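Each chain gets a letter, A, B and so on, in the order the sequences are listed, and its residues count up from 1. Every heavy atom of this structure was used, including side-chain atoms; hydrogens, water molecules and symmetry mates were not. Everything numeric here is computed off the predicted structure, so don't read it as measured data.
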Protein chains: 2
Amino acid sequence: MTPNKEDYLKEIYKLGGAEKLVGNKQIAEVLKIAPASVTEMLIKLSHEGLLHYEPYKGSCLTKEGLQIAITLLRGHRLWEVFLMRHLGYSWSEAHEDAELLEHITPPRLSGRLDKFLNYPAYCPHGSAIPHSDGQIDRKPLRPLVQLAAGESSHIRKVAEEKELLDYLQSLGIEIDGAVTVASIGPYEGPLMLDLDGRQVQVSHKAACQIYVDER
Amino acid sequence: MTPNKEDYLKEIYKLGGAEKLVGNKQIAEVLKIAPASVTEMLIKLSHEGLLHYEPYKGSCLTKEGLQIAITLLRGHRLWEVFLMRHLGYSWSEAHEDAELLEHITPPRLSGRLDKFLNYPAYCPHGSAIPHSDGQIDRKPLRPLVQLAAGESSHIRKVAEEKELLDYLQSLGIEIDGAVTVASIGPYEGPLMLDLDGRQVQVSHKAACQIYVDER
DNA sequence: TTTGTAAATTAGGATCGCCTAAATGAAGGG
DNA sequence: CCCTTCATTTAGGCGATCCTAATTTACAAA
């Protein structure tokens, strides 16, 4: 395993490769690599038994590949908790450095870090932290943008993307905070939110990446 | 910079490349790489201005190369403090994982880790932790093996090598602990030590890698 | 001064992970 | 059913880092 191959597996997982076939083009896009190079690597990874590769169709992770992807996610999220809770990192900074740290986090390290952090269930961005056996506690969520005007809920998760994280943190948006959609601008216009009495405007695009409780 | 090149610089530094020329053979040995490959890489690193390479003579670090080596050492030792103090690592485990972590520790991370740890001066094995400006507080030390029978001192540092660390930790040897050389076996025989009243025997070879105050 | 030996370099090759350009396959619209 | 389009694969290459084998250099002992 190299950090490189790990990134392939992780991104395929994030693209849904645990349940369905993922096309090469998508993988090439998120990894910023030429499609031809992706084909090559996928064949290699399938020979290693880490994914099922169906030419011209796509790839999905095997149990082994899934295990590696989840282990990476676990390391990533545990580090995020550490970086924000103890080192004073911001949302986006934590994500950035965790992206590096995840690749050099053997089970011994993630296990002890987990204990040190007192077994956190969620990362600072609201994603569930997989247990050491690979189990993930999923919570049913929907994007904020699906709420109707006047509806209330709680913010449970935000997508991990640098620009978005900086934007949302500057707005003072917080995980588990109460939110009410005051109004929705027409034509994918901005949403006006009520956060504990504070009025905040967020773009439609951002609202697609913010998740709240289902129902 | 790649982890690879970083390792070259770090090992050259540890072999004394900050003060004198280091031969290729030594570098090849510690990195477990063929001498021919070392020649190749040294030429590359010298083109990058990280070291002075004198064919058939050896190499020494430039200011830039030295800076990188010291930054690595700083990250390594800070992580060791964290791993032992907060995650319950042993001497050798801490060294092992710090070896990985050092390569993905940008200044932002080492700076905040340093603060979190309350600016420790020494790593758990007794080596000084370089400051962020590259400054290192050196303390004059000599190997324990140089002490005469009956002499007393304090253990200040041990070499970082897995086997040695496991050996010494199993003996209960501790940094800053008082030590008196009770007797010295002839012909590079073992030394009998008195550690706070406890009698402990260590091999000659180990005593070469344990450092105590000078004079 | 010659020469033996150990260290270092050169030559030639392999593998890995990436690239571009060209060819091929799949899938829906006419 | 054909054909366009777009995803994908194949072919051929490149640079990085390692290797082994053969050659050259440095240095010191005879």
Side-chain angles (χ1 to χ4, degrees), chain A residues 1-17 19-61 64-65 68-69 72 99-100 102-104, chain B residues 1-17 19-61 64-65 68-69 72 99-100 102-104:
Chain A
M1 259 307 101
T2 66
N4 229 317
K5 293 179 175 182
E6 289 179 345
D7 278 336
Y8 273 88
L9 297 176
K10 190 184 64 166
E11 294 302 338
I12 291 169
Y13 175 79
K14 292 207 269 184
L15 290 171
E19 302 100 34
K20 59 177 173 57
L21 291 178
V22 177
N24 288 12
K25 188 161 188 267
Q26 278 185 288
I27 301 171
E29 254 162 31
V30 296
L31 291 177
K32 298 185 209 316
I33 277 173
S37 310
V38 173
T39 300
E40 201 181 357
M41 181 60 86
L42 291 182
I43 291 170
K44 221 168 287 178
L45 290 172
S46 72
H47 287 334
E48 292 178 42
L50 299 174
L51 49 80
H52 297 295
Y53 170 61
E54 303 190 24
Y56 294 105
K57 295 290 179 54
S59 315
C60 65
L61 299 176
E64 293 76 38
I68 293 176
L72 283 168
E99 204 72 37
L100 301 175
E102 63 183 8
H103 293 293
I104 47 151
Chain B
M1 260 306 104
T2 66
N4 229 316
K5 292 180 175 181
E6 288 178 345
D7 278 336
Y8 273 88
L9 297 175
K10 190 184 65 165
E11 294 303 337
I12 291 169
Y13 175 79
K14 291 208 270 183
L15 291 170
E19 302 100 35
K20 59 179 173 57
L21 291 178
V22 177
N24 288 12
K25 189 165 187 262
Q26 278 186 288
I27 302 171
E29 254 162 31
V30 296
L31 291 178
K32 298 184 207 319
I33 277 172
S37 310
V38 173
T39 300
E40 202 180 356
M41 180 61 86
L42 292 182
I43 291 170
K44 221 168 288 177
L45 289 171
S46 72
H47 287 333
E48 292 178 40
L50 299 174
L51 49 79
H52 297 293
Y53 170 62
E54 303 190 24
Y56 294 103
K57 296 288 177 57
S59 315
C60 65
L61 298 175
E64 292 78 36
I68 293 175
L72 283 169
E99 204 72 36
L100 300 175
E102 64 184 6
H103 293 293
I104 48 152

From C-beta outward on A/Y56, which listed nucleotide comes closest to its side chain: C/dG25, C/dC19, C/dA8?
C/dG25
For B/E54 and D/dC27, what is the distance between atoms CD and P respectively, to the nearest whole Å?
12 Å
B/H47 NE2 to D/dA16 P, in whole Å, measures 11 Å
Any side-chain heavy atom of A/H103 within less than 4.5 Å of one from A/D7?
yes
Figure out the NZ/C1' separation between B/K57 and C/dA8, and round it to whole Å.
12 Å
Answer yes when B/K44 and B/E48 have at least one side-chain N-carboxylate O distance shorter than 4.0 Å, and no when they do not.
no
Using whole Å, report how far CG of A/N4 lies from P of C/dC18.
4 Å
Can you measure B/M41 atom CE to C/dT10 atom C1' for me and round it to whole angstrom units?
18 Å
For a 4.5 angstrom cut-off between non-hydrogen side-chain atoms, does A/L51 reach A/S46?
yes
Just N and O in the side chain of A/Y8: are any of them under 4.0 Å from OP1 or OP2 of C/dC18?
yes
Rounded to whole Å, CD1 of B/I33 lies from P of D/dT17 at a distance of 10 Å
Please check the phosphate of D/dT17 (OP1 and OP2 only) for any side-chain N or O of B/K44 closer than 4.0 Å.
yes
Nearest-nucleotide pick for A/E40, side chain only, options being C/dC18, C/dT10, D/dT10:
C/dC18
On the nucleotide D/dC19, are OP1 or OP2 found under 4.0 Å from the side-chain N or O atoms that B/S37 carries?
yes
When you get a sec, tell me which of C/dA26, D/dT17, D/dT20 is the closest nucleotide to the side chain of B/A36?
D/dT20
Are side-chain heavy atoms of B/E102 and B/K10 found at a separation under 4.5 Å?
yes
Take atom NZ of B/K25 and atom C1' of D/dA26, then tell me their distance rounded to the nearest Å.
15 Å
Given atom CG of A/D7 and atom P of C/dG17, what is their separation to the nearest angstrom?
12 Å
Spacing of CG belonging to B/L9 relative to CD1 belonging to B/I27, to within rounding of 0.5 Å
10.0 Å
